[in-house]
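In listed order, ligands and their atoms are each counted from 1. This is a predicted model, so every value here is computed, not measured. Note that these values count all heavy atoms, side chains included, but never hydrogens, waters or copies made by symmetry.
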Amino acid sequence: MDIAARPDRAIADLRALADLTGGPGGARRLCWTSEWENARGFLRERLSELPVTVDVDEAGNLWARLEGGRAETVVIGSHIDSVPNGGWLDGALGVLGALEVLRSIAEAGTPPCTVTLIDFADEEGARFGRSLFGSSWLSGSIKADDVRDLRDAAGDRLADVVAAYGVDLDRAGAAASRLADVRAYLELHIEQGPVLETAGLAVGTVLGTVGVERHRVVFRGQAAHSGSTPMPSRRDSFLAAARFALAVRDGAVRHQGVATIGAAECTPGVATVVPGVTTVLLDQRHLDAAELAAMLAEAKAAGAEAADAEKCTVEFERIWQIDPIPFDPDLIAAARSACRAVSGSDHALPSGPLHDAAEMARTIPTVMIFSSSTNGISHAKEEDTPIEHLELAIRAYAQTVGHAIDRVGRGQSR
Ligand SMILES: [Zn+2]
């Protein structure tokens, strides 16, 4: 179906939300606070003008259901919560863009299938450190005991704080039953990185969220006096780590992934001692599981080679790992053709950051559309996107949602 979305109305809503919950320090919509409730109150007020049923599930996610010709459902949305001192677009663009799409669909009559807006609870995890809270309950990738005793900076317990907002952790898993009729999920978001802007593009289709391999890598040599130890006699663990860092960078470039050594620590860490032990943290990401595995295997080989060259040893310890989560091929194709139709480019890219869409994609055909991010900045008050890019992104999103509704309205799940 053709959805006659009006991006100007979505942008007016975004500005109104920024006026209500923003300020000189940036957005103030930290989840499980009165400011988050204010933002939700704003959303509920807008939704009250539409023929939708609004309620909150057991995990704290807000749903607004527009009944269609069939019970099978297309879900659209994002998260209205923000990090402290966040930007005006992260999450809000997806919720208020989806609101505009829902409004336009309702204005045109009854859609062929049900269309539901979702505002996920606590996407950011800014207060308790557990991101994707609401969507993880829907996908089943979270357990009450994993999060019950998490505490915020003030020492308050997660279980107690969410209870004040009607979430009983022992019942939150029941929210997953809401996905029974859901056949597609589509999310609009800012890129939060520089790729689209650097390519001179307004919008892009997201292929999926990248997989991550994170390791602690320890190089061991021999601590020795910086003055008395001749260069050929040294077993300098830092030099091994330095060789390793360059090899890891080259591997990421070769495989078109990304790799970062975000921390390096020499022991004992003084100028007068050749470092006996150097520990680095390696983070590798790729959209393709096989490529990611190859990047890791090559990093291990490069680590051994670097250690050897400096007469050191090396050990890898895995800290964290997540598989890549690819999005739905048909929805990706639809989003690319929508982006081409509105902007002339069908560029597609992986998402480095995780999103609620990654949780949804575990069980539901999913796609995301990104708008550009000015200077690639997000999670900061400087976060911005040119208005024309926001408008194009909302139009491409509406067109892709129209495709999903057609597909689900015909009774096809893929
Ligand atoms: Zn976000």
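Distances from the Zn ion (ligand 1) under 2.8 Å pick out these protein N/O/S atoms: His79 NE2, Asp90 OD1, His189 NE2.
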Would you be so kind as to tabulate the donor-acceptor pairs closer than 3.5 Å made by side chains of residues 86-94, with sequence neighbours excluded?
unit_1 : atom_1 : unit_2 : atom_2 : d
Trp88  : NE1    : Asp384 : OD1    : 3.2
Asp90  : OD1    : His79  : NE2    : 3.3
Asp90  : OD1    : His189 : NE2    : 2.9
Asp90  : OD2    : Gln192 : NE2    : 3.2
Asp90  : OD2    : His379 : NE2    : 2.9

Side-chain donor-acceptor pairs of residues 259-266 under 3.5 Å, sequence neighbours excluded:
none

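Contacts of Ser141 classified as side chain to side chain contact (heavy atoms under 4.5 Å, CB included), with partners at least two apart in sequence or in another chain: Arg130, Ser136, Ser139, Glu359, Arg362.
Of the N and O atoms on the side chains of Arg29 and Thr21, at least one donor lies less than 3.5 Å from an acceptor on the other residue.
Applying side-chain contact (heavy atoms from CB on, under 4.5 Å) to Arg148 and the options Val162, Leu158, Asp170 leaves one that passes, Asp170.
Proximity of the aromatic rings of Trp36 and Tyr165 is defined here by a centroid distance below 6.0 angstrom, and this criterion is met.
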